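Since the structure comes first, as structure tokens, the remarks are kept for the end.
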Amino acid sequence: MSMHSHIIGLGAYLPERILTNADLERVVDTSDEWIRERTGIRQRHIIAKEEATSDMAAQAASRALADANIDIGDIDALIVATTTPDMIFPATATILQAKLGGKDFPAWDIQAVCSGFIYGLAQADCMIRAGMFRRVLLVGAEAMSRIIDWRDRSTCVLFGDGAGAVVIEGREQEGGVIGSILHADGSYRDLLKAEHPHEHATPDAFHTEGIDFSTDAAGIAAIEMKGNEVFRVAVTKLGEVVVEILRKYGFHSRDVDWLVPHQANIRIIRATARKLGMSMDRVAQTVQYHGNTSSASVPLALNELYRKGCLEPGQLVLLEAFAGGFAWGANLIRWSKEKKG
Ligand code: ACO
């Protein structure tokens with residue numbers, strides 16, 4: 001009796017506040033035209049002051065549970081992929097578990113930055129196949145705006161906040177997650193990072209760096225990125241991993257019905273689609289409205305395709321992401337959930 005991991009529920013949450021490119025023009029020396037041309041981004045959602053990553057995760061998770069027609073008591077394990085946890089510990093997953101009213105099942109975070117959901121789906125799939133859990137709730141949730149230096153135009157225009165969730169169920173029925181490929185190469189670790197707050201948080205460091213405590217832009221653990229170098233490696237590695245996963249599981253790019261890429265930059269998304277010979281109308285695109293929401297980006301994009309009624313049982317769906325680390329990967333799914341609407 002072999003188990004297969006089927007996605008049986010999807011949910012998403014985006015904070016109410018929208019930050020447009022025009023808003024950013026008033027914060028840094030940038031333009032709507034530059035941001036749209038170089039990234040595709042038009043706007044992003046920003047978490048409210050009183051909200052936490054776990055609050056966004058709770059909204060997305062509740063919606064995914066409702067969509068699966070189950071409640072938290074039916075869940076056997078909870079994984080949260082996040083780079084922006086509520087606190088260093090306990091894990092955001094345990095905070096989320098309490099907010100959802102669940103208990104007595106394991107809950108943990110994984111940190112693979114923008115590839116967190118891809119890594120999480122691979123992990124959940126393996127644990128379900130091994131018979132360890134029947135139903136896993138997997139959430140990607142990020143408050144990226146909290147780790148941005150709002151004075152740095154090269155990064156502050158790129159990111160947004162949000163959460164996406166799926167319920168994965170082990171069934172004997174064929175289909176669901178076919179398999180995953182994960183990669184990491186820490187030799188690139190300095191090209192994209194947010195250093196630990198301790199590196200910056202001493203009064204001396206603030207003094208010498210001339211950071212103004214009185215503004216929200218203190219940027220305690222701010223993202224630093226060598227954007228064009230990251231861009232080049234991302235295009236190469238994503239092009240390789242999508243070919244690698246199709247080859248590994250015996251498919252051709254023409255078999256892929258939907259590409260659901262990490263939403264960092266429309267030019268990177270186009271390059272991967274070109275590599276697969278796929279037209280952009282078969283590619284999930286949310287970067288324009290969400291910006292880069294890190295580990296939330298793939299489940300948000302998948303949820304959007306599902307809600308629009310694009311996903312149908314039997315279709316082949318390819319997920320991919322590239323992240324700081326660098327860490328990157330892909331999952332291949334034979335979609336089995338009924339079409340929405
Ligand atoms: N507005 C106006 N000008 C800008 C801005 C801005 N917001 N940001 C940078 N510029 C300027 C630069 O200063 C530079 O000016 P110069 O030529 O006078 O020096 C010029 O624009 C070109 O800068 P580049 O960095 O070379 O621009 P590029 O075309 O590479 O685009 C971008 C930058 C959008 C960041 C792109 O490199 C990118 O998308 N990189 C990959 C991001 C990514 O995928 N990250 C991985 C996932 S994120 C994660 O894991 C957390």
Side-chain angles (χ1 to χ4, degrees), residues 19-44 53 81-85 110-120 140-162 182-186 188-195 219 221-239 241 261-273 285-288 290-298 300-301 319-330:
L19 190 70
T20 64
N21 292 350
D23 296 329
L24 282 166
E25 283 176 355
R26 290 192 285 276
V27 179
V28 284
D29 179 16
T30 191
S31 67
D32 172 50
E33 192 191 356
W34 189 96
I35 302 171
R36 273 191 291 114
E37 263 178 24
R38 300 290 182 122
T39 72
I41 300 167
R42 293 166 180 268
Q43 63 169 57
R44 66 291 287 145
T53 295
T82 187
T83 313
T84 48
I110 57 172
Q111 158 54 308
V113 212
C114 305
S115 295
F117 187 83
I118 303 289
Y119 269 59
E142 299 283 12
M144 297 306 279
S145 63
R146 301 241 160 102
I147 58 165
I148 281 169
D149 180 347
W150 290 99
R151 297 158 303 177
D152 177 5
R153 69 173 182 176
S154 69
T155 53
C156 77
V157 303
L158 303 175
F159 294 93
D161 304 330
L182 306 178
H183 289 288
D185 185 343
Y188 291 108
R189 66 193 178 281
D190 285 332
L191 292 185
L192 175 53
K193 62 182 180 183
E195 283 184 20
I223 296 172
E224 298 167 58
M225 176 165 70
K226 295 201 170 64
N228 46 16
E229 291 175 56
V230 177
F231 187 97
R232 276 198 297 275
V233 184
V235 167
T236 307
K237 297 299 185 192
L238 286 172
V241 79
H262 172 46
Q263 307 286 318
N265 186 318
I266 195 70
R267 294 185 292 138
I268 299 177
I269 294 172
R270 283 197 199 112
T272 311
Q285 297 173 58
T286 51
V287 69
Q288 295 87 340
H290 301 171
N292 180 348
T293 57
S294 190
S295 70
S297 109
V298 169
L300 279 169
L319 318 183
E320 49 87 334
F322 186 84
F326 292 146
W328 66 101

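Predicted, not measured: the structure shown is a model, and the values here were computed from it. One-based numbering, in listed order, for ligands and for the atoms of each.
Within the structure, ligand 1 has R267 among the residues with a heavy atom less than 4.0 angstrom away. The shortest separation from a heavy atom of I35 to ligand 1 is not under 4.0 Å, leaving the residue out of contact.
Ring pair W328/F322 is tilted by interplanar angle, where 30° to 60° counts as tilted.
Using a 4.0 Å threshold on non-hydrogen atoms, atom 29 (O) of ligand 1 counts as touching the protein. When distances from atom 3 (N) of ligand 1 to the protein are checked, a heavy atom turns up under 4.0 Å. Counting only heavy atoms, the protein never gets under 4.0 Å from atom 18 (O) of ligand 1.
Closest to atom 35 (C) of ligand 1 by heavy atom, among D29, V233, L158, D152, is L158.
In this model, no donor atom of one side chain and acceptor atom of the other lie less than 3.5 Å apart for T293 and E142. For the residue pair E224 and T155, no side-chain donor N or O sits within less than 3.5 Å of a side-chain acceptor on the partner.
Looking only at heavy atoms of the protein, atom 43 (C) of ligand 1 is closest to V230 CG1, 3.8 Å. For atom 15 (O) of ligand 1, the closest heavy atom belonging to the protein is R153 NH2, 4.3 Å. In terms of protein heavy-atom proximity, atom 49 (C) of ligand 1 is nearest to C114 SG, 2.8 Å. Summary of contacts: the protein heavy atom closest to atom 39 (O) of ligand 1 is N265 ND2, 2.6 Å. Considering only non-hydrogen protein atoms, atom 8 (N) of ligand 1 sits nearest to W34 CH2, 3.3 Å. Here the heavy atom of the protein found nearest to atom 24 (P) of ligand 1 is N228 ND2, 4.1 Å. At the top of the distance list for atom 46 (C) of ligand 1, counting protein heavy atoms only, stands L192 CD2, 3.7 Å. Closest protein heavy atom to atom 27 (O) of ligand 1: R38 NH1, 3.3 Å.
Using a 4.0 Å cut-off between heavy atoms, T30 contacts ligand 1 through both its backbone and its side chain. Contacts of N292 with ligand 1, taken as heavy-atom pairs under 4.0 Å, involve the side chain alone. With a 4.0 Å heavy-atom cut-off, ligand 1 is reached by the side chain of A264 but not by its N, CA, C or O. Under 4.0 angstrom from ligand 1, the non-hydrogen atoms of I268 all belong to its side chain.
Formation of a donor-acceptor pair under 3.5 Å by the E37 side chain with backbone atoms of I35 is not found in this model. Although no hydrogens or angles enter the test, the distance criterion places a donor-acceptor pair under 3.5 Å between the side chain of T82 and the main chain of A141. Checked by atom type and distance alone, the side chain of D161 pairs as donor or acceptor with a backbone atom of S145 at under 3.5 Å. Judged by distance alone, the side chain of T30 and the main-chain N or O of R153 form no donor-acceptor pair under 3.5 Å. The closest donor-acceptor contact from the side chain of N21 to the backbone of E33 lies at 3.5 Å or more, if one exists at all. At least one donor-acceptor pair closer than 3.5 Å links the side chain of R44 to the backbone N or O of L19. Panel note: side chain T272, backbone L238; no donor-acceptor pair is recorded below 3.5 Å. Proximity of a side-chain donor or acceptor of S31 to a complementary backbone N or O of W34 within less than 3.5 Å is detected.
With ligand atoms numbered from 1 in the order given, ligand 1 contributes 7 (N) to contacts under 4.0 Å with heavy atoms of V157. Close contacts between ligand 1 and T39 involve ligand atoms 34 (C) [criterion: under 4.0 Å to a heavy atom]. Interface atoms of ligand 1 facing A323, defined by a heavy-atom separation under 4.0 Å, are 50 (O).
When the salt bridge (charged side-chain N to carboxylate O under 4.0 Å, His left out) test is applied to R270, no partner is found at least two apart in sequence or on another chain. In this view, R38 satisfies the salt bridge (charged side-chain N to carboxylate O under 4.0 Å, His left out) rule with no residue, not counting sequence neighbours.
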